[in-house]
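One structure is given here, and the rest of the page talks about it.
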Number of protein chains: 2
Amino acid sequence: MQDSPDFKPLYVQVKDLLVRRLVTGAWRPGEGLPSETSLAGEFGVSQGTVRKALDELAQQNLVVRQQGKGTFVATHTPQRALFHFFHLVGDDGARALPGSRLLAVRAAKATKAEAARLDLKADAGVVRLKRMRLLGGREAIVERIALPAARFPGLEKDSDLPNELYRHYELVYGVTVARAVEALKAIAANAEEAKLLRLAAGAPLLEIDRLAYALDGHAVEWRVSHCDTADHHYVSEIE
Amino acid sequence: MQDSPDFKPLYVQVKDLLVRRLVTGAWRPGEGLPSETSLAGEFGVSQGTVRKALDELAQQNLVVRQQGKGTFVATHTPQRALFHFFHLVGDDGARALPGSRLLAVRAAKATKAEAARLDLKADAGVVRLKRMRLLGGREAIVERIALPAARFPGLEKDSDLPNELYRHYELVYGVTVARAVEALKAIAANAEEAKLLRLAAGAPLLEIDRLAYALDGHAVEWRVSHCDTADHHYVSEIE
DNA sequence: TAGTGGTCTAGACCACCAT
DNA sequence: TGGTGGTCTAGACCACTAG
């Protein structure tokens, strides 16, 4: 086997098996996995090999390990949302999750751009959301979201969508956002945005174009946020 | 020892010892470290413990491991600069290091802001640089840099500073940039920037405010870049 | 007290690289 | 061929948690 072109170390194979189980929902988010020793027995490898696989999963934030308790499937807690997926911080260093005011929800056929970004067929359905988000009680972000309708059936009929969408995706639709890629630009506010954000037209805004990926590796949300960064900034830590 | 309040696992202690050696320049960047077995013998621990320490150092990009060759002190190659510290990418996905045109260099006393950001005394000396940077041959970034003079003696007299400053810091001043924190905002171009970048005054620019830290944990460079993101974007990967 | 993950050790074999 | 890091194993002890 070592000589085959797609040779993989044992611990990687174990990791892949575990990821597959996570993807299929064998364990729900927050639920505990079997112990290292029992997984080792099941897979016929040593505990050390299972440990290395679990360590890598923990590093990728797919599981959380707690000494004396066990290994648990990662879940979107408010803490995680705040420190992991939301990078806007007050210039004074204060972190706070933004409030939300839903402006519009509707189902539609995907535009070309949506189909391309979400990897959908040309005539696939999407759900579009538009939200105002508030930082420190003040309107600061205009957010447009597109979701593949197939993954989120009936979401457009959901009466009151919560502020923390990723938790909602996980609890209601079984979709766990595991990874995201953001593209940032400076843009000028258009008339509508300027009005919503109480700024002059043409005021500089930070555009955060985010594509979020589920556990299975497929894109499940396209989100474009236009942010007033007068009193806030986006934090990026290198290394 | 396990009961002392500052108990540290053996591998962490080994790691700390190795970091201290890296900081003091016991091995030059690019140079090979002793093998795992010889380090294990020297420290009186097992090879596995040294391995765990080295694995963490490799994860933090302080060393690079190569199977069959050895473990080497990380160095600022063009590749590393391009993929690790420079996050602006063409909208078509093309990555390229920006060219540079030096506009000004001079030594001065630190402003209050500089002293605060670089953790210097009020009357400490700094060196200030101002550069134009070009993406695809086009003026795209105005960059202002402040350095503590104590760490970079005589840099202001350096006739032709290279494009890749971090490599220069490392080779000439023995300062290895190991980590950085960036704060991003959207701002409006002032008259000078607009002229330099051939934009209308007030055009939106992406401000990247970066504080870079050396191996020893001290801030060694404050860099503020104002970028025209009409054809480029800043990439941020989450997870 | 029993079970979990965390640390540490020792030894074996493998893949890769230089010579 | 010899040395390096990469993988895998087995066993020991520790710290933490829960009942």
Side-chain angles (χ1 to χ4, degrees), chain A residues 1-19 21-22 27 29-75, chain B residues 1-19 21-22 26-75:
Chain A
M1 195 221 291
Q2 300 90 335
D3 284 342
S4 83
D6 45 66
F7 163 73
K8 283 184 184 178
L10 249 191
Y11 76 91
V12 175
Q13 300 177 42
V14 170
K15 187 180 155 193
D16 289 347
L17 283 173
L18 291 172
V19 168
R21 291 202 189 171
L22 290 171
W27 308 292
E31 194 178 347
L33 273 64
S35 71
E36 295 180 351
T37 48
S38 73
L39 286 171
E42 184 187 344
F43 293 136
V45 301
S46 77
Q47 188 197 10
T49 303
V50 172
R51 167 156 296 172
K52 183 145 185 177
L54 287 175
D55 281 345
E56 293 210 348
L57 292 179
Q59 206 190 325
Q60 294 172 47
N61 295 305
L62 297 184
V63 302
V64 175
R65 317 196 71 181
Q66 282 179 261
Q67 182 171 146
K69 295 184 70 176
T71 304
F72 303 86
V73 182
T75 187
Chain B
M1 195 221 289
Q2 299 90 334
D3 285 343
S4 83
D6 45 66
F7 163 74
K8 284 185 183 177
L10 250 190
Y11 75 92
V12 175
Q13 299 177 42
V14 170
K15 187 181 155 193
D16 289 347
L17 282 173
L18 291 173
V19 168
R21 290 202 189 170
L22 290 171
W27 308 292
R28 308 292 304 172
E31 194 178 347
L33 273 65
S35 71
E36 294 179 352
T37 49
S38 72
L39 286 172
E42 184 187 346
F43 293 136
V45 299
S46 78
Q47 188 198 11
T49 302
V50 171
R51 167 156 296 172
K52 183 145 185 176
L54 288 175
D55 281 345
E56 293 211 348
L57 292 179
Q59 207 191 324
Q60 293 171 46
N61 295 307
L62 298 184
V63 302
V64 175
R65 317 196 71 182
Q66 282 179 261
Q67 183 172 143
K69 295 183 70 175
T71 303
F72 303 86
V73 183
T75 188

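Computed over heavy atoms, backbone and side chain alike; hydrogens, waters and symmetry mates excluded. First the proteins, then the strands, lettered A, B, ... as listed; each starts at 1.
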Heavy-atom closest contact ([X] atom, [Y] atom, distance):
| X | Y | result |
| --- | --- | --- |
| B:P29 | B:A74 | CB-O, 3.9 Å |
| B:A53 | B:Y11 | CB-O, 3.5 Å |
| A:L33 | A:F72 | CD1-C, 4.2 Å |

- Starting from the C-alpha separation in whole Å, work towards a yes-or-no answer on side chain to side chain contact (heavy atoms under 4.5 Å, CB included) for B:K15 and B:L57. CA-CA 7 Å; B:K15 187 181 155 193; B:L57 292 179; 3.7 Å; yes
- Check each residue of residues 47-54 of chain A for a non-hydrogen atom within less than 4.0 Å of any atom in DNA chain D, then write out the ones that pass by number, or none.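 Contacts with DNA chain D under 4.0 Å: A:T49, A:K52.
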Nearest whole Å is fine: how far is [N] [atom2] from [X] [atom1]?
| X | N | atom1 | atom2 | value |
| --- | --- | --- | --- | --- |
| A:Q59 | C:dG5 | CD | P | 18 Å |
| A:F72 | C:dG5 | CZ | C1' | 10 Å |
| B:L10 | D:dA15 | CG | P | 13 Å |

Sort me out a list of protein N/O and nucleotides 17-19 of chain D N/O pairs below 3.5 Å, or just none if empty.
none

- Given side chain to side chain contact (heavy atoms under 4.5 Å, CB included), test A:R65 with A:D55 step by step and report yes or no. CA-CA 8 Å; A:R65 317 196 71 181; A:D55 281 345; 2.6 Å; yes
Distance (rounded to the nearest 0.5 Å) between [X] [atom1] and [Y] [atom2]:
| X | Y | atom1 | atom2 | answer |
| --- | --- | --- | --- | --- |
| A:R51 | A:T49 | CZ | OG1 | 11.0 Å |
| B:T75 | B:E31 | OG1 | CD | 11.5 Å |
| A:K69 | A:S35 | NZ | OG | 16.0 Å |

- For B:N61, all residues meeting side-chain hydrogen bond (donor to acceptor under 3.5 Å, both in side chains), sequence neighbours excluded: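 In terms of side-chain hydrogen bond (donor to acceptor under 3.5 Å, both in side chains), with neighbours along the sequence ignored, B:N61 is linked to no residue.
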- Item | Stems involving DNA chain D, each a run of at least 3 consecutive Watson-Crick or G-U pairs under 3.5 Å | C:1-18 with D:1-18
- Query: Do B:V63 and B:L18 have side-chain heavy atoms sitting under 4.5 Å apart?
  - Reply: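 Not in contact.
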- Message: The test is side chain to side chain contact (heavy atoms under 4.5 Å, CB included); show your working for A:D16 and A:K8 and say whether it passes.
- Response: CA-CA 10 Å; A:D16 289 347; A:K8 283 184 184 178; 3.1 Å; yes
- Query: Between A:Y11 and D:dC8, does any side-chain N or O lie under 4.0 Å from OP1 or OP2?
  - Reply: no
- Kindly state which residues belonging to residues 29-43 of chain B come within less than 4.0 angstrom of DNA chain C, counting heavy atoms of the residue only, listed by number. none
- Got a sec, which residues hit salt bridge (Lys or Arg N to Asp or Glu O under 4.0 Å) with B:K52, two or more places apart in sequence or on another chain?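 Result, salt bridge (Lys or Arg N to Asp or Glu O under 4.0 Å) vs B:K52: none returned.
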- Toward the 5' end of DNA chain D, by each residue's nearest nucleotide, B:G70 or A:V12: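 Nearer the 5' end of the strand: B:G70.
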- Message: Show, in sequence, the C-alpha distance, side-chain angles and deciding distance for A:E42 and A:L39, and conclude whether the side chain to side chain contact (heavy atoms under 4.5 Å, CB included) test is met.
- Response: CA-CA 5 Å; A:E42 184 187 344; A:L39 286 171; 4.0 Å; yes
